[in-house]
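Remarks on the structure that follows.
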Amino acid sequence: MAYHSYSSLNRAQLTFEYLHTNSTTHEFLFGALAELVDNSRDANATRIDIYTENRPELRGGYMLCFLDDGTGMDPNEATHVIQFGKSSKRSSESSQIGQYGNGLKSGSMRIGKDFILFTKKENTLSCLFLSRTFHEEEGLDEVIVPLPTWDLTTKQPLTSDPEKYAIETELIYKYSPFKNQQQLMEQFAKIDSSSGTLVIIYNLKLMDTREPELDVESDHQDILMAATPVEGVKPEKRSFRAYAAVLYIDPRMRIFIQGHKVRTKRLSCCLYKPRSYKYSSTRFKTRAEQEVKKAEHLAKIAEEKAREAESKRLALEAKTGDDLSKESRVMNHQRNQALKEPKELSFIFGVNIEHRDLDGMFVYNCSRLIKMYEKTGPQLEGGMACGGVVGVVDVPYLVLEPTHNKQDFADAKEYRHLLKSMGEHLAQYWKDTNIAQKGIVKFWDEFGYLSANWSSPPSPEQRYKRRRAMEIPLTIQCDKCLKWRTLPFQMDAVDKRYPDSWMCLMNPDSSQDRCDAPEQKQNLPCGVLKKDKQSAEDKQKEITDKIRAQQEKLEALQKTGTIKSSADVKRLPLDVSMRPSAQGSAQVRLLSGLRSGTPPLRAPLIYASSQDPASKTPPVRPHHKTPPTPAKASPTKPAANQRKRIIVQEDSEEEEEEEEEEEEAESDEESEEERPQNKKSKMAAALVQRGKAVAKLLPPKRSKANTLKSGSGSGEQRLMLCVPADKGMQVEVRVNMEWFTGKVVAVEVNKKSVRWKVKFDYVPRSTPKDRWVFKGGEDVRLMRPASPVSQTPDTQQEAEKGPARMEPDTTQPGTSREVTGSMVSMMRTMLRYFFPPDFRIPKDDVNGMTAEELVAFPLKEYFQQYELGLQSLCNSYQSRADAKAKAVEEKSSNAETKLKEADEKLQKLRANIVSLLQKVQEVKSGIDEL
């Protein structure tokens, strides 16, 4: 279809607001400045000057200028600047940084509201003017960019439309700092080379303090980030000079800031004991796949153009179509080959002995810095391992694509994989250097790091300066040929300041004292990543163990069935296996029912049945720790053959409900207890009856009187006494606002209530010596019994004859001194048990610490180091688990299938458990309704 048929259709337009939106991608302001430096580098500039000119009449008080000696632009190329997304540099094999055609617009608009560009190429001068101030004051919504041009020799305008030229220059004179053609020509004159470009940004953005974001007053040789402290901030985050020094992995362009040359760095030449590691991986396929799709798309478009050209018999279009088609096919073939071939990268590691706190990974893309000081591997674990080590890698565009602001990578997943791989090689480098084996502290002491504070600078003593200078020879760039030269070590050159215009002829090395001498390559020793390889038998054993563990989980879960009716609820305790403990008791654990809208109970119900009534084994406790309640007592049974049951349940809701269901449950238990049965049948019957009680007691309903507080916010523990007779129990009764202790001598039980007759140990004469009280009322509370579990018949008879004094509780500390001693002992035990390795206080010193010394113990530092150790341990386990999982995936598909089937069974069983719990809740709800 011919192009003219689309003339009536709507077009997408770039609105004025996009200029601001586009600039917001640069959160890091130095990144916006670097965009303009990148353009100069891609234009093959050998020098760029970044400077400011004071202009008090402009917002911010100055203009920011970028002047280079690059190839410049002719009028046609300058038009590409105002086309967003248009770039002639876009190529996956290109070493140029710009790929999106957006850096100049987004970077300049982030720094200020307006910019004007002057460029010179061959015999033409071009001026491009992009001003947000102009658009705001004129009320324009579409982007208008004046672009007048002149002849280099005659300074006459090059235009076929004088009216257009007049409008363009009038707008520039009105809204730019330059008010006539003479001032414009003065800016062109600053480009003293045969070609080049000058970009001037003005009306700078301000902070809330009405000051510019860039500080050019504090240091007249630098551009600083305003309102940024020196302490705790990386120099590249505060100083543009420091950032520009490491902006490129192999700098070939001189950078001057405020007239002073930036001492650019090749990071690999600034490190102690540098070592290179080759890394090859076929994992990085995302970029290659994208390039393949682009090539296929271009080939398709080219073929369509070729067919159209052939049908119209237009030779020019046909020729263009053939060329494009052929070029696209070649590109498509190259992308497919690149997709199959593994990507090889070079990781370079070395120790930064000049500033050990400036460590981490520097990740470049096409020689341009993208990420800096990235921690990985052992550096994430804390401690001194790999501290001070700097890693450098240059990633080609085909492997990882940077984001538009060039501060991150578009594919976060593959970037994380890259960092993980660098972490593995970093650990290998640390082993290869043998620093840890020789002693890390001793190593840093040799270079002048005498302070325990990691961020403290090294000692300025001359002997330490010489020691560092001897290990890292000075590498400097020639100001003429731009080649890098390594100077031989000279004792008198340790503190020497080299001039900005250093030349090869100033080199003391006679073999490198001329510009035509070839540049020496840095010969780095190559390291190899050594991975621990598992044998086939070990891998098979590991797989077998995993399968066995999954099968054991399945078998354990299969013992639980789904509740489908109330009959299943009655049989539930009999379906649960009973494991006798060392004291001869058995435990039956039931899952507590899920409540709608509330989390499940944190403590399961526990039913304890003692086989030996005379034993002194305490009742079975829940698996969680229960706060002590010294003022309460467990129930005791008068008959030796009767069973004791204690239900301890943790709950945080429904405290003010009625007691009717509790009393019905207790009466059911009384009738069941009174039936004469042998031991085995009584156990089975008791479990069946308990299943009935579970349906009635979930969730339990208790009054406040029977509630034992266990601390704010953690729920409450309720002590439910499910025993038919309570005679002989010690209680406290409130009479006339006073509490008196006594012993229960009689019990009355009916369907409505339970009453105790209490005989007091001592009461005033005006008060009767015995009194009937309501069980569970607010005027009675339990006491700890004299015996831990039960009373013999003899002691029960003595209790009925008369009052008896309560024996002291020997399980609790009797005095404050005993309490202090117990707490000190517990503190020592806790510290020794969780003692982290390499703590500054020896572990053996804890045994001899006094109570006062334990109070002053640095617990915060203690737990921080303990948590770091745990984190390191978890990370090591995680890395091993990842490696093992990878081996399992690669070597045994059959085992993976079995594991998947086991996991599906586990999921089904979990669903059955949830269904079981829901059925229990439904049964409970039905009972509540009845």
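Put simply, the side chain of Gln477 reaches to within 4.5 Å of the side chain of Leu482, judged on heavy atoms. Inter-residue side-chain proximity for Asp394 and Tyr248 is flagged as unmet; no heavy-atom pair is nearer than 4.5 Å. Using a 4.5 Å cut-off on side-chain heavy atoms (C-beta onward), Leu358 and Lys234 make contact. Proximity of Asn39 to Val37: side-chain heavy atoms (C-beta onward) are nowhere separated by under 4.5 Å. No side-chain heavy atom of Phe66 sits less than 4.5 Å from a side-chain heavy atom of Ile200. Met73 has its side chain out of reach of Ser126: every pair of non-hydrogen atoms, C-beta onward, lies at least 4.5 Å apart. Counting only heavy atoms from C-beta outward, the side chains of Leu267 and Ile249 never approach each other to under 4.5 Å. Looking at heavy atoms from C-beta onward, Phe256 lies out of side-chain contact with Ile50 at the 4.5 angstrom threshold.
Remark: the Thr169 side chain and the Gln181 side chain contain no N/O donor-acceptor pair separated by less than 3.5 Å. Between the side chains of Asp479 and Ser501, no donor N or O sits under 3.5 Å from an acceptor N or O. Between the side chains of Asn405 and Thr403, at least one donor N or O sits under 3.5 Å from an acceptor N or O.
Lys190 meets the side chain to side chain donor-acceptor pair (under 3.5 Å) test with Glu53, Gln187; sequence neighbours excluded. Thr46 is linked by a side chain to side chain donor-acceptor pair (under 3.5 Å) to Asp69, counting only residues two or more places apart in sequence or in another chain.
In this structure, the side chain of Arg238 does not engage the main chain of Met225 through any donor-acceptor pair within 3.5 Å. Ser239 places no side-chain N or O within 3.5 Å of a backbone atom of Glu236 that could act as its donor or acceptor partner. Put simply, the side chain of Trp484 gets close to the backbone of Pro251: a donor and an acceptor are under 3.5 Å apart. Although no hydrogens or angles enter the test, the distance criterion places a donor-acceptor pair under 3.5 Å between the side chain of Ser195 and the main chain of Gly70. In this structure, Glu136 contributes its side chain and Thr133 its backbone to no donor-acceptor pair below 3.5 Å. When atom types are taken as modelled, the side chain of Lys261 and the backbone of Ile255 share no donor-acceptor pair closer than 3.5 angstrom. Judged by distance alone, with hydrogens and angles left aside, the side-chain atoms of Asp49 form no donor-acceptor pair with the main-chain N or O of Gly259 at under 3.5 Å. In this structure a side-chain-to-backbone donor-acceptor pair under 3.5 Å is missing from Arg254 to Ile48. In terms of modelled atom types and a separation under 3.5 Å, the side chain of Gln221 and the main chain of His260 share no donor-acceptor contact.
Aromatic ring centres of Phe118 and Phe178: separated by under 6.0 Å. With ring centers used as reference points, Tyr62 lies 6.0 Å or more from Tyr51.
Shown here for Lys105 and Leu130, the closest heavy-atom pair between the two residues is CG-CD2, 4.1 Å. Scanning both residues, Ala34 and Arg368, for their nearest heavy atoms gives CB-NH2, 3.4 Å. Here the closest heavy-atom approach between residue Asp114 and residue Ser131 is recorded as OD1-OG, 2.6 Å.
Ring geometry for Phe129 versus Phe134: interplanar angle of 30 to 60°, hence tilted. Ring orientation note: the planes of Tyr373 and Phe362 are nearly perpendicular, at an angle over 60° on the 30°/60° scale.
The cationic atom of Arg59 (NZ for Lys, CZ for Arg) does not lie both less than 6.0 Å from the six-membered ring centre of Tyr202 and within 45° of the ring axis.
Interatomic distance, Arg485 CZ to Met503 CE, rounded to the nearest 0.5 Å: 13.0 Å.
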